[in-house]
Amino acid sequence: MARAAAANLRGLVGIAAAGRRRVTASVATPRGSPGGRGFRAVASGSGGRTTPESPSSSSPALPQLQPRRGLATRRAVLRNLISGGLESEDGKLSCGYSSFKGRRPTMEDRYDVKFAKMKGQSISLFGVFDGHAGALAAEYLKEHLLDNLIEHPQFLKNTKLALKTTFLKTDADFLESVTTPYREDGSTALAAVLVGDQIYVANVGDSRAIALKGGKAIPLSDDHKPHMFVPVFVAIPLSDDHKPNLKNERTRIENAGGGVSYDGFTWRVDGILAMSRAFGNRSLKNYVIAEPDIQETQVSSDLEYLVLATDGLWDVVQNEDVISLMRATDEPEAAAVKLTEMAHSRHSSDNITCIVVRFHH
């Protein structure tokens, strides 16, 4: 049973280095509970390090790669939650991820992390994908989007152009790959790309990214512990939700022949989709586009964390909640898990996927 459960989870674990290194799921049996009901993600191979898979003959070669170090995996409170941690080979950043089906009957979230070395530059890529009407689109993005981006000829010279064209082409490729005409699978895509000391965040849909900047510390009020300080962070939004009722989005949709309406709970495109941009969604493709909004920021000395998550987290967790949690938790995997647990405890009704990146200055 444990082997079957782990095999089923491998499709959900979406972490792969650009050289086809993959973190796979393994079964963790909680004490006193038979049958291995809890799961965690760990790097395959000895010592917690990732090991390369056999390359496919049909897969194009990717740029020269840096191996990644796997960090110790924390056992989560929530059963069936997948989590893990990774560190870049140069030690400049570490990341933790957490993904949980939550109260939804199916798991449609996916995620991906890649590290590479291209022409002497360290490259880090992070992505979260929130599927709807099925998991086909999110799974396709996990397998292809970041790889396609790395292979773009302008990736290093003009990263924004590479992001835009890669998003649009990957969307077209996905629609072409789906041969069943009635499939309406779609997905958001949120990608954060670090090239040198620049961060580019490309967003399609309603997943969200924030940066936490700080570095300042204030003393605790406890007079008995005057040596203890807590950090002060400021949350910087790095993406905007694509909602149909936004003026520019509504105008674009209506000019393309679509409609925007309110169903008593939320605004929808043609009474169907609650976001104005997405991958897939074949019948709405004339106006539900996959063109990303792209924001850029520099990795400065006061940049401490980058947080990417699907709307299952942001529906119930505010930026201030993230700041409060990060004051007490500096390890990225523990932070990702705690954010997931927080969203679930606040009755999030969606899948919850979160990536936390910590910068080491």
Side-chain angles (χ1 to χ4, degrees), residues 14 95 97 108-114 124-132 137-138 140-142 144-146 148-149 152 155 158-172 174 186-195 198-212 235-250 252-253 267 269 273-281 284-285 287-298 303 305-315 317-319 322 339 350-357:
C95 76
Y97 59 89
E108 296 177 342
D109 279 6
R110 299 291 189 271
Y111 54 97
D112 196 9
V113 174
K114 298 182 187 298
S124 305
L125 306 96
F126 309 91
V128 294
F129 316 109
D130 183 357
H132 49 262
Y140 188 92
L141 295 176
K142 183 199 78 172
H144 297 285
L145 183 63
L146 299 187
N148 292 347
L149 180 59
H152 193 284
F155 176 59
N158 192 337
T159 306
K160 285 186 175 181
L161 174 65
L163 281 163
K164 178 180 177 179
T165 56
T166 298
F167 271 51
L168 292 172
K169 185 178 187 305
T170 303
D171 182 40
F174 166 68
S187 180
T188 72
L190 176 67
V193 180
L194 280 72
V195 180
Q198 293 296 116
I199 300 177
Y200 303 88
V201 177
N203 181 53
V204 166
D206 56 5
S207 296
R208 196 177 301 168
I210 63 171
L212 295 186
I236 311 296
L238 293 178
S239 64
D240 295 311
D241 295 352
H242 289 133
K243 294 297 186 181
N245 58 310
L246 295 176
K247 183 178 179 181
N248 290 343
E249 293 294 281
R250 182 168 188 165
R252 178 183 59 77
I253 291 168
W267 292 90
V269 179
L273 191 62
M275 66 193 73
S276 56
R277 300 192 191 192
F279 285 76
N281 295 109
L284 304 175
K285 199 73 266 175
Y287 29 88
V288 175
I289 60 177
E291 181 176 343
D293 283 333
I294 302 171
Q295 297 193 33
E296 180 181 357
T297 190
Q298 189 172 22
L303 178 61
Y305 295 96
L306 181 66
V307 180
L308 295 80
T310 57
D311 66 339
L313 182 108
W314 300 116
D315 284 346
V317 174
Q318 304 301 315
N319 291 351
V322 179
L339 286 170
D350 206 348
N351 304 149
I352 307 164
T353 296
C354 179
I355 296 175
V356 176
V357 182

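Scope of the values below: all heavy atoms of this structure, side chains included, with no hydrogens, waters or symmetry mates. In this text, all values refer to a predicted model and were calculated from it rather than measured experimentally.
To the nearest 0.5 angstrom, Leu194 atom CG is 7.0 Å from Leu306 atom CG. Ile289 contributes atom CD1, which lies 8.5 Å from atom CD1 of Ile253 (distance to the nearest 0.5 angstrom). Once rounded to the nearest 0.5 Å, the distance linking OG1 of Thr170 with NE2 of His144 reads 9.0 Å. Expressed to the nearest 0.5 Å, how far CG of Asp293 lies from CZ of Arg277 amounts to 4.5 Å. Between atom CD of residue Gln318 and atom CG of residue Leu313 there is a gap of 10.0 Å, rounded to the nearest 0.5 Å. Considering OG of Ser207 and NE2 of His242, their distance stands at 11.5 Å, rounded to 0.5 Å.
Of all heavy-atom pairs between Ala290 and Phe167, the closest is O-CB, 3.6 Å. Nearest heavy-atom pair across Asn281 and His132 is OD1-NE2, 2.7 Å. The two residues Leu145 and Ala189 make their nearest non-hydrogen contact at CD2-CB, 4.2 Å. The two residues Ser239 and Ala209 make their nearest non-hydrogen contact at OG-N, 3.0 Å. Across every non-hydrogen atom of Gln295 and Asp240, the tightest pair is NE2-OD2, 3.6 Å. Between Arg252 and Tyr287 the shortest heavy-atom distance is NH1-O, 2.6 Å.
Residues Tyr97 and Tyr111 bring their aromatic ring centres within 6.0 Å.
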Query raised in the report: Between Val113 and Ile355, does a side chain to side chain contact (heavy atoms under 4.5 Å, CB included) hold up when you go through it step by step?
Result: CA-CA 9 Å; Val113 174; Ile355 296 175; 4.1 Å; yes
Query raised in the report: Could you go step by step and tell me if Glu291 and Leu168 meet the side chain to side chain contact (heavy atoms under 4.5 Å, CB included) rule?
Result: CA-CA 6 Å; Glu291 181 176 343; Leu168 292 172; 4.0 Å; yes
Query - Residue pair Thr310, Asp130: steps toward the side-chain hydrogen bond (donor to acceptor under 3.5 Å, both in side chains) verdict - result: CA-CA 6 Å; Thr310 57; Asp130 183 357; 4.9 Å; no
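When atom types are taken as modelled, the side chain of Asp171 and the backbone of Gly280 share a donor-acceptor pair closer than 3.5 angstrom. Side chain of Arg208 to backbone of Asp241: no donor-acceptor contact under 3.5 angstrom is found. With hydrogens and angles disregarded, no donor-acceptor distance shorter than 3.5 Å links the side chain of Trp267 to the backbone of Lys243. A distance-only check finds a donor-acceptor pair linking the side chain of Lys285 to the backbone of Val288 [under 3.5 Å]. Using modelled atom types, one side-chain atom of Asn203 and one backbone atom of Gly205 make a donor-acceptor pair closer than 3.5 Å.
Residues Phe174 and Leu141 have side chains not in contact (no heavy-atom distance under 4.5 Å, counting atoms from C-beta outward). Within the 4.5 Å cutoff, no side-chain heavy atoms of Leu190 are placed close to those of Phe126. Within the 4.5 Å cutoff, the side chain of Asn148 has no heavy atoms near those of the His152 side chain. Taking the side chain as every heavy atom from C-beta outward, Val322 and Leu339 approach each other to under 4.5 Å.
Checked for salt-bridge contact, Asp112 and Lys114 meet the test: a charged N lies under 4.0 Å from a carboxylate O.
None of Leu163, Thr165, Thr159 except one satisfies the side chain to side chain contact (heavy atoms under 4.5 Å, CB included) rule with Leu161; the exception is Thr165.
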